[in-house]
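A short write-up of the structure that comes next.
FYI, side chains are in, hydrogens and waters are out, and symmetry mates aren't considered; it's all heavy atoms of this structure. It should be emphasised that the depicted structure is a prediction, and the values quoted were computed from it without experimental measurement. Lettering of chains follows the sequences in order, A, B, ..., and the numbering in each one begins at 1.
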There are 2 protein chains.
Amino acid sequence: MAKVKYNYLRAAKFLKALSHPTRLMIVNELALGKKCVNDIKELVQVNQPNISQHLSLLKLNGIVDSRQNGKMKCYFLKDEAMMREMFNNLKKNKLI
Amino acid sequence: MAKVKYNYLRAAKFLKALSHPTRLMIVNELALGKKCVNDIKELVQVNQPNISQHLSLLKLNGIVDSRQNGKMKCYFLKDEAMMREMFNNLKKNKLI
DNA sequence: TAAAGATATTCGAATATGATTATATAACAA
DNA sequence: TTGTTATATAATCATATTCGAATATCTTTA
């Protein structure tokens with residue numbers, strides 16, 4: 001059992017990391033281009049610590065990465081193509 | 001904010017429903033064909049009440065549906081094509 | 001070095017989730 | 001009707017998530 005389930009653990013974690021409205025919004029914005037925390041905060045309309053928390057979770061799960069840019073920190077998707085596919089699939093099926 | 005997030009709520013719920021190793025296994029099995037609870041239990045190696053709980057959650061989220069078949073209950077994917085796409089994407093990206 | 005701006009971390013409370021065990025229900029057969 | 005098989009539900013406990021408030025940590029500039 002454990003062995004079989006293991007194959008699905010990575011995928012489950014990945015999906016779980018995406019399965020929050022705020023995080024989906026963030027990822028959707030990043031699919032349009034690299035953005036710093038404050039931009040994201042404005043676009044997503046969530047307070048700064050919360051944005052940071054969600055970003056950190058996304059980063060921990062290998063969905064985004066970041067680069068310091070002066071006193072700002074810019075986040076971007078690690079795999080834009082894959083995320084586009086995911087979102088296209090969701091859109092095609094009227095889930096977004 | 002609330003309004004914007006609302007657009008992502010359905011997708012988030014959908015992804016969340018999928019984001020568990022056991023449920024991914026179940027869905028993967030159902031992608032190969034309709035199966036009753038006991039079959040799923042054997043394939044997934046999880047005890048019966050737990051399987052039922054996961055199935056009920058999948059059903060609640062519109063991912064599977066069921067039909068009574070004698071004293072057995074068979075579950076099947078509501079949208080095989082979409083699930084195949086999801087899984088193909090995950091596989092393509094080495095998440096499964 | 002001090003101040004200001006941008007982002008991150010920590011903590012607590014509320015809530016949600018998951019597994020296990022026990023029990024209930026439904027369908028059928030004898 | 002009684003027993004048996006198949007599945008569902010409920011209760012409980014442990015753990016995980018989420019958010020907001022407070023505070024900390026850079027990074028740059030004065």
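For A:Asn61, there are no side-chain hydrogen bond (donor to acceptor under 3.5 Å, both in side chains) partners at least two apart in sequence or on another chain. Applying the side-chain hydrogen bond (donor to acceptor under 3.5 Å, both in side chains) criterion to B:Thr22, with sequence neighbours excluded, gives A:Lys5.
Each of A:Ile51, A:Leu55, A:Asp65 was compared with A:Tyr75 under the side-chain contact (heavy atoms from CB on, under 4.5 Å) criterion, and only A:Leu55 meets it.
D:dC26 atom P lies 10 Å from atom CD of A:Gln68, rounded to whole Å. Taking atom CG on A:Asn69 and atom P on D:dC26, their separation rounds to 18 Å, with Å as the unit. Look at CG on A:Asp39: it is 17 Å from P on C:dG5, rounded to the nearest Å. For A:Ile26 and C:dT7, the CD1 to P distance is 13 Å, given to the nearest whole Å. For A:Lys41 and C:dG5, the NZ to C1' distance is 12 Å, given to the nearest whole Å. Rounded to an integer number of Å, the gap from NZ of A:Lys59 to C1' of C:dT7 is 11 Å. Taking atom CG of A:Leu60 as the reference point, atom C1' of C:dT9 lies 14 Å away to the nearest angstrom. Atom pair B:Asn47:CG and C:dT23:P shows a separation of 16 Å (rounding to whole Å applied).
Of the candidate nucleotides C:dT7, D:dT18, D:dC19, D:dC19 has the atom lying nearest to any side-chain atom of A:His54. Nearest to the side chain of B:Lys16, among C:dA19, C:dA16, C:dT7, sits C:dA16. In this structure, the nucleotide among D:dT18, C:dG18, C:dA6 sitting nearest to the side chain of A:Lys71 is C:dA6.
Here CZ of A:Arg23 is found 8.0 Å from CD1 of A:Ile63. Values are rounded to the nearest 0.5 Å. Atom CD of B:Gln53 is separated from atom CG of B:Leu58 by 12.0 Å, given to the nearest 0.5 angstrom.
Annotation: B:Met72, atom CE; neighbour count of heavy atoms from other residues, nucleotides and ligands within 6.0 Å does not exceed 12.
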Within the sub-3.5 Å range, which N or O atoms of nucleotides 8-13 of chain D have a protein N or O partner, and how far apart are they?
residue: D:dA8; atom: OP1; partner: B:Lys73; partner atom: NZ; Å: 3.2
residue: D:dA8; atom: OP1; partner: B:Tyr75; partner atom: OH; Å: 2.5
residue: D:dA8; atom: OP2; partner: B:Ser52; partner atom: OG; Å: 2.6
residue: D:dA8; atom: N7; partner: B:Gln48; partner atom: NE2; Å: 2.7
residue: D:dA8; atom: N6; partner: B:Gln48; partner atom: OE1; Å: 3.3
residue: D:dA10; atom: N6; partner: B:Gln53; partner atom: NE2; Å: 3.2

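When side chains are defined from C-beta on, B:Glu29 counts as touching B:Lys35, because their heavy atoms get closer than 4.5 Å.
Two residues, A:Met72 and B:Asn38, neighbour DNA chain D, and the one matched to the more 5' nucleotide by heavy-atom proximity is B:Asn38.
Proximity of B:His20 to the phosphate of C:dA19: a side-chain N or O atom is located under 4.0 Å from OP1 or OP2.
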